[in-house]
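Below: one structure, written as structure tokens.
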Amino acid sequence: MGTIFAIKRYAIHDGPNIRTTVFFKGCPLSCWWCHNPEGIDPAVALVWDRGKCVGCSACLQKCPSHSLVAAPEGVVWRRESCLGCGDCAETCPALALEATGREASVDEVMTAVVQDQPFFDQSGGGVTFSGGEPLAQPEFLLALLRECGRLGIHRAVDTSGFASADVLLQVAEKADLFLFDLKLMDRDRHRLFTGVSNAPILDNLRLLAERGMAVQVRLPLIAGVNDDVANLQAVGAFVAALAGVDAVDLLPYHGAAAAKYRKLNLPYKGAHFAPAPPESLRGAMTILQQCGLAVRIGG
Ligand code: SF4
Ligand code: SF4
């Protein structure tokens, strides 16, 4: 079993060709610009919209652990006994309850993935494990990779790279491709904007390259955070020195996640960020190209 928050079909930006993306819940980073804030907390939470609730009690009756109770102020959720099954949200006729994720078995995920195998076969696509951080649920990830491998499905792992080398290498044995995010080369700024050190991330990226793993490096580009010349030159030099890696995908920031933060009632540290202007994007491309790297927008 593992915890996921979405399975997206027909994805075209999560690796090569047409893919099914499985989003793992829980991430050790807390990037200011995160566009999947529902994926940060490993625990499932419920979002209740009082304005939509019609007081039908359907959710109370459905809950197997009696974690929802009626109170004068409306439905009250007892997080401590919640099993994270998501049944209440599926039951709510008014869409007043929404679960930020759910527990899922390997079989359940594989049933969803296998439906799309004809598209993988036709397009050369496959499955991408993303998040959140898939390496943070290694047993679940390894089991899914094993099953996909058994069925001949191409397997990509979209990661921040923040994990132990031991977990990374176990996953590398079963994955076909890593989509590996690099954000900031300066250690202090990395810690400021993501909450963690970049040392294990850089070590892990080097390790994958040394082992000859297929790696697609991706750089989310956020104006005022990591689009400065010094950072881009440092990223370019680092990636260009990796054996077998000769390209970087630039992922320009967009503010589409703001509504998610509002809905989840989470603080959005990146609320003031703006999409990089075209000249900044062109400048970033030029700097990375001068390091000898091919640069793609998106990925
Ligand atoms: S997620 Fe499941 S256990 Fe938790 S409150 Fe909803 S129905 Fe009950
Ligand atoms: S099922 Fe939805 S509408 Fe009915 S009481 Fe629960 S939250 Fe309110």
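For the numbers below, each heavy atom of this structure counts, side chains included, while hydrogens, waters and symmetry mates do not. Numbering starts at 1 and runs along the sequence shown. Whatever order the structure lists ligands and atoms in, that order sets their numbers, starting from 1.
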Shortest protein heavy-atom distance from [atom], along with the residue and atom involved:
{"atom": "atom 5 (S) of ligand 2", "value": "S57 N, 3.2 Å"}
{"atom": "atom 4 (Fe) of ligand 2", "value": "C56 SG, 2.3 Å"}
{"atom": "atom 7 (S) of ligand 2", "value": "W48 NE1, 3.5 Å"}
{"atom": "atom 2 (Fe) of ligand 2", "value": "C92 SG, 2.4 Å"}

**OP:** Considering the heavy atoms of P93, write down every atom of ligand 2 situated less than 4.0 Å from one of them.
**Re:**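 Near P93, the atoms of ligand 2 are 1 (S).
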
Original post:
Does any N, O or S atom of C53, backbone or side chain, fall under 2.8 Å from atom 8 (Fe) of ligand 2?
Top reply: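 An N, O or S atom of C53 is closer than 2.8 Å to atom 8 (Fe) of ligand 2, so yes.
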
**OP:** Within a distance under 4.0 Å of any heavy atom of G86, pick out the atoms of ligand 1 and give their elements.
**Re:**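 That gives atoms 1 (S), 2 (Fe) of ligand 1.
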
Original post:
Does a side-chain N-to-carboxylate-O contact under 4.0 Å join K52 and E98?
Top reply: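 Between E98 and K52 there is no salt bridge, as every charged N stays at least 4.0 Å from the carboxylate O atoms.
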
Subject >> Check ion pair R19-D14 (N to O, under 4.0 angstrom) >> reply: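 Salt bridge between R19 and D14, a charged N being under 4.0 Å from a carboxylate O: no.
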
Original post:
Under 3.5 Å, is there a donor-acceptor pair between the S160 and D181 side chains?
Top reply: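 No, no side-chain donor-acceptor contact under 3.5 Å.
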
Original post:
Is it the case that N17 and S123 place a side-chain donor and acceptor less than 3.5 Å from each other?
Top reply: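 N17 vs S123: no donor-acceptor pair found between side chains.
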
**OP:** With sequence neighbours left out, write down each residue that passes salt bridge (Lys or Arg N to Asp or Glu O under 4.0 Å) with D246, or none if nothing qualifies.
**Re:**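 With neighbours one apart ignored, the set is empty.
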
**OP:** List in chain and number order the residues that pass side-chain contact (heavy atoms from CB on, under 4.5 Å) with Q290, two or more places apart in sequence or in another chain; answer none if no residue qualifies.
**Re:**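 Counting only residues at least two positions away or on another chain, Q290 forms a side-chain contact (heavy atoms from CB on, under 4.5 Å) with T286.
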
Subject >> Validation row, ring centre Y253 to ring centre W33 under 6.0 Å >> reply: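 Between W33 and Y253, which both carry aromatic rings, the centre distance is not below 6.0 Å.
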
Original post:
Do P252 and P275 come within less than 4.5 Å of each other through their side chains, counting heavy atoms only?
Top reply: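 Contact flag for P252/P275 side chains = no.
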
Original post:
Any side-chain heavy atom of P220 within less than 4.5 Å of one from K183?
Top reply: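 P220 vs K183: side chains touch.
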
**OP:** Verify, without hydrogens or angle tests, whether N204 (side chain) and A163 (backbone) share a donor-acceptor contact under 3.5 angstrom.
**Re:**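 Indeed, once roles are kept as given, a pair shorter than 3.5 Å links the two residues.
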
Subject >> Any L97 heavy atom less than 4.0 Å to ligand 2 >> reply: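 Contact present.
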
**OP:** Decide whether the shortest distance between a heavy atom of V44 and an atom of ligand 1 is less than 4.0 Å.
**Re:**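 Not so, V44 does not reach ligand 1.
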
Original post:
Just going by heavy-atom distances, which of V54, T91, D49 is nearest to atom 3 (S) of ligand 2?
Top reply: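 Selected option, by shortest heavy-atom distance: V54.
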
Subject >> S81: side chain to side chain donor-acceptor pair (under 3.5 Å) partners, not counting sequence neighbours >> reply: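 So S81 forms a side chain to side chain donor-acceptor pair (under 3.5 Å) with S67.
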
Original post:
So which protein N/O/S atoms does atom 8 (Fe) of ligand 1 have within less than 2.8 Å?
Top reply: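 Those protein N, O or S atoms (cut-off: under 2.8 Å from atom 8 (Fe) of ligand 1) are C63 SG.
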
